[in-house]
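Right, one structure below, let's go through it.
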Amino acid sequence: MIYGAMKFSIGGSLKLAFRPWVEGLENIPAEGPAILASNHLSFSDSFFLPAVLDRKVTFIAKAEYFTSPGVKGKLTAAFFKGVGQLPVDRSGARGAGEAAINAGIDVIKGGGLFGIYPEGTRSPDGRLYRGKPGGLARVALATGAPVIPVAMIDTEKIQPPGKVVPKLMRPGIRIGKPLDFSRYQGMEGDRFILRSVTDEVMYEIMKLSGQEYVDIYATAAKRQIADEAKRVADEQKAAERAERAREAEQAKRAEQPGA
């Protein structure tokens, strides 16, 4: 009931305001379980995709979104529950991974659609990064559910980092044909199989999205970008200090007799 009301209000508003275009809706099964594996460009991805589907999609969200105190915390929790987000405790990398996998398996066993971002985090620069071989592949192989690749298009341009007011423009969604990995079912303990499954899905997402593919993890790319930004900032500060020292030395010399 809550999900239906929230989908009607939020989904309807999103479609009316942004008019997202979508291709491949026929690839979403009318019933039964499936895994929707998408690239991740924006916080809004988890809202635009459900907005264009008739069925509920369950994504994973940080448990903190559901446990924050006060009126704002309660409203936030109600919002995320209403749009189909599932709270997962991310304290500890391994614990977070296992919790996400178990949550996905439960959704699939219940016959639902489970949404997941194989990159593990939002792309820092709009490019497509290497998929993590844990959650997606393990849920797929443990359940035998089909994996449907999804490409979000231009969602990062609607609300870039640091921007509060979203830009009104049309994002896109391309939904690919289901991928069957049942031949590997029960082999979720084989890391080479997990890597192969993940890479195959990422390749299909790349074809759908048209993104440049980068064969490193997005988390590593974010660290590189942060390190480079820090290096540039440190060099700038050093240059400013040197310039101030030069100006002070010139002023000192100008004050000396006979200068």
Side-chain angles (χ1 to χ4, degrees), residues 33-46 49 57-65 85-108 113-152 155-156 175-176 178-182 184-209 211-227:
I35 301 167
L36 304 185
S38 174
N39 60 339
H40 199 13
L41 297 172
S42 167
F43 175 77
S44 63
D45 294 336
S46 299
L49 180 56
V57 184
T58 300
F59 287 91
I60 289 171
K62 293 186 293 186
E64 301 91 279
Y65 289 146
Q85 303 280 323
L86 192 67
V88 170
D89 184 359
R90 296 186 177 185
S91 56
R94 184 171 180 81
E98 291 299 322
I101 290 165
N102 292 333
I105 290 174
D106 287 343
V107 171
I108 294 300
L113 298 178
F114 177 59
I116 188 169
Y117 301 111
E119 292 168 281
T121 187
R122 280 174 278 177
S123 170
D125 54 13
R127 297 186 293 177
L128 184 67
Y129 286 86
R130 195 180 197 201
K132 294 190 172 183
L136 164 65
R138 285 183 60 185
V139 173
L141 301 190
T143 62
V147 179
I148 301 174
V150 176
M152 307 302 295
T155 53
E156 81 281 10
I175 303 169
L179 303 174
D180 180 12
F181 296 108
S182 59
Y184 298 131
Q185 193 168 357
M187 301 175 69
E188 60 269 24
D190 188 322
R191 63 188 180 92
F192 296 105
I193 295 294
L194 295 179
R195 181 77 266 161
S196 177
V197 168
T198 305
D199 287 346
E200 184 174 337
V201 174
M202 298 309 294
Y203 179 71
E204 293 300 321
I205 293 175
M206 181 187 70
K207 289 197 300 182
L208 290 169
S209 68
Q211 290 170 279
E212 177 187 349
Y213 179 75
V214 185
D215 196 24
I216 61 173
Y217 294 123
T219 48
K222 286 184 176 181
R223 286 195 298 269
Q224 291 177 2
I225 292 171
D227 290 344

Do [X] and [Y] make a side-chain contact, defined as non-hydrogen atoms from C-beta onward lying under 4.5 Å apart?
X    : Y    : result
L41  : Q211 : yes
M202 : P118 : yes
V139 : I116 : no
I101 : E188 : no

Is a side-chain donor or acceptor of [X] paired with a backbone partner of [Y] at a separation under 3.5 angstrom?
X    : Y    : value
E119 : N39  : no
D45  : S42  : yes
S196 : F192 : no
K222 : R122 : yes

(message) Under a 4.0 Å threshold between the charged nitrogen and the carboxylate oxygen, would R127 count as salt-bridged to E212?
(response) yes
(message) Applying side-chain contact (heavy atoms from CB on, under 4.5 Å), can you list everything that pairs with A145, at least two apart in sequence or on another chain?
(response) I35, I108, T143
(request) Using the test side-chain contact (heavy atoms from CB on, under 4.5 Å), find all partners of V107 that sit at least two apart in sequence or belong to another chain. (result) T58, L86, F114
For the student: nearest non-hydrogen atoms of [X] and [Y], plus distance:
X    : Y    : answer
P33  : P146 : O-CD, 3.6 Å
Y129 : S123 : CE1-OG, 3.7 Å
V197 : Y184 : CG2-CD1, 3.7 Å
M206 : Y213 : SD-CB, 3.5 Å
A37  : L136 : CB-CD1, 4.0 Å
I205 : P149 : CG1-CB, 4.0 Å

(message) Tell me whether Y203 at atom OH has more than 12 heavy atoms from other residues, nucleotides or ligands lying less than 6.0 Å away.
(response) no
(message) Tell me every residue that passes ring-ring contact (aromatic ring centres under 6.0 Å, His included) with Y117, counting only those two or more places apart in sequence or in another chain.
(response) H40, F59
First locate atom [atom1] of [X], then atom [atom2] of [Y], and finally report the distance between them rounded to the nearest 0.5 Å.
X    : Y    : atom1 : atom2 : result
R138 : K132 : CZ    : NZ    : 14.0 Å
I225 : D125 : CD1   : CG    : 5.0 Å
S38  : I148 : OG    : CD1   : 12.0 Å
L194 : F181 : CG    : CZ    : 11.5 Å
D199 : D215 : CG    : CG    : 7.5 Å

(request) Check the pair E200, V147 against side chain to side chain contact (heavy atoms under 4.5 Å, CB included), reporting the backbone distance first and the verdict last. (result) CA-CA 10 Å; E200 184 174 337; V147 179; over 6 Å; no
